[in-house]
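Report on the following structure.
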Amino acid sequence: MTQPTTPAIKHYLQFSDLSAEEYGYLFERAALIKRKFKSYERHQPLVDRTMAMIFEKASTRTRVSFEAGMYQLGGSVVHLTTADSQLGRAEPIEDSAKVISRMVDLVMIRTFGQDKIDLFAEHSRVPVINGLTNEFHPCQILADIFTYIEHRGSIKGKTVAWVGDGNNMANTWLQASEILGFKVHVSTPSGYEVDQSIAGLRSAESYQVFKDPMEACAGADLVTTDVWTSMGYEAENEARKAAFADWRVDTEMMRVAQPDALFMHCLPAHRGEEVEAEVIDGPQSVVWDEAENRLHAQKALMEFLLIGRV
């Protein structure tokens, strides 16, 4: 008798791991899962499934959204911190991956270098999700674009202004723009530019660089930023404050964007540094919807990675 073939494992390590068509499915699925959540309708396709969450970087939104999401889908969670896991220290990453992936159905990792999560995934028997690395933050951009779609419809053909550090968020926005057909205006201080080679873009057609953040925001449909000093770069804090002083998203920047432009921030935010309080707490801000949507978008992602299309 012919044995059924086991589908290839699909990981989510970068935004570029999925196609535009797959993202279309995920956004539709996230909307359905959110509607069920809001109406207290049970949705538990992952009963008896277990996810291991490995944190080498501190987390609030990532932990709550993944842990609550997995429980809401009917599964369970094993939570590991740096003290519990120490990827590549207590034992080789390859060995950790082989052991952990024999005991759970899904692994989410939040760590420093992308090389760690890539190596873990290479030796894992189950899907691996990037909960954040120094290079990429695909789950956040997944939620951000879902949030934009909720408020304004398709993001295709729109313009996103990225103001601030050329960090993991910026890299992921660039990947998303190439896949989903929108434009990113990037403005960073000198010395903090986006490295196109990290994003792995096929061309530079989907983004444009501006020295002046006001010019980057002009006509934008979405203005977004992040903290000036990401985790792991705390020693540079004072130097970064000086370098980024003109890259604070303020009411003037929002005024030159489209009249119905949205403002996003992945949080935590420092009012008076990367964003004015009047902007993040103003009528164009959707940061709280954006934060909540980590839950719904990631539930759609976990469902998709474990059981495919429903």
Is [X] salt-bridged to [Y], going by a charged N under 4.0 Å from an acidic O?
| X | Y | result |
| --- | --- | --- |
| Arg309 | Glu28 | no |
| Arg35 | Glu41 | no |
| Arg152 | Asp260 | yes |
| Lys183 | Glu205 | no |
| Glu273 | Arg248 | no |

Contacts of Phe182 that satisfy ring pair (Phe, Tyr, Trp, His ring centres under 6.0 Å) - sequence neighbours left out: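 For Phe182 the ring pair (Phe, Tyr, Trp, His ring centres under 6.0 Å) partners, ignoring immediate neighbours, are Trp173.
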
Suppose we screen for ring pair (Phe, Tyr, Trp, His ring centres under 6.0 Å). Which residues come up paired with His265, at least two apart in sequence or across chains?
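His265: no ring pair (Phe, Tyr, Trp, His ring centres under 6.0 Å) contacts found.
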
- Query: Parallel, tilted or perpendicular: which describes the rings of Tyr12 and Tyr23, with under 30° parallel and over 60° perpendicular?
  - Reply: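 Plane angle over 60°, so perpendicular.
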
To the nearest 0.5 Å, how far apart are CD1 in Ile145 and NZ in Lys158?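 With rounding to 0.5 Å, CD1 (Ile145) is 14.0 Å from NZ (Lys158).
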
- Message: Check whether Phe304 forms a cation-pi arrangement with Arg29 (NZ or CZ under 6.0 Å from the six-membered ring centre, at most 45° off the ring normal).
- Response: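 No, Arg29 does not sit over the ring of Phe304.
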
Going by heavy atoms in the side chains, are [X] and [Y] under 4.5 Å from each other?
| X | Y | result |
| --- | --- | --- |
| Phe263 | Val286 | no |
| Met70 | Arg49 | yes |
| Asn130 | Ile109 | no |
| Val227 | Asp165 | no |

Notebook entry, point to check: Heavy-atom count around Asp212 CG within 6.0 Å, excluding the residue itself: above 12?
Noted result: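 Enclosed.
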
For this session: Could you walk me through whether Phe37 and His296 pass ring-ring contact (aromatic ring centres under 6.0 Å, His included), step by step?
Result: CA-CA 8 Å; Phe37 176 80; His296 310 301; 5.1 Å; yes

- Task: Evaluate the ring-ring contact (aromatic ring centres under 6.0 Å, His included) criterion for residues His137 and Phe15: first the C-alpha distance (whole Å), next the side-chain angles of each, then the deciding distance (0.1 Å), finally the verdict.
- Result: CA-CA 8 Å; His137 199 357; Phe15 199 91; over 10 Å; no

### Query
With ILVMFWY side chains joined below 4.5 Å, transitively, what does Phe136's cluster contain besides itself?
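Noted: Phe136 shares its cluster with Ile198.
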
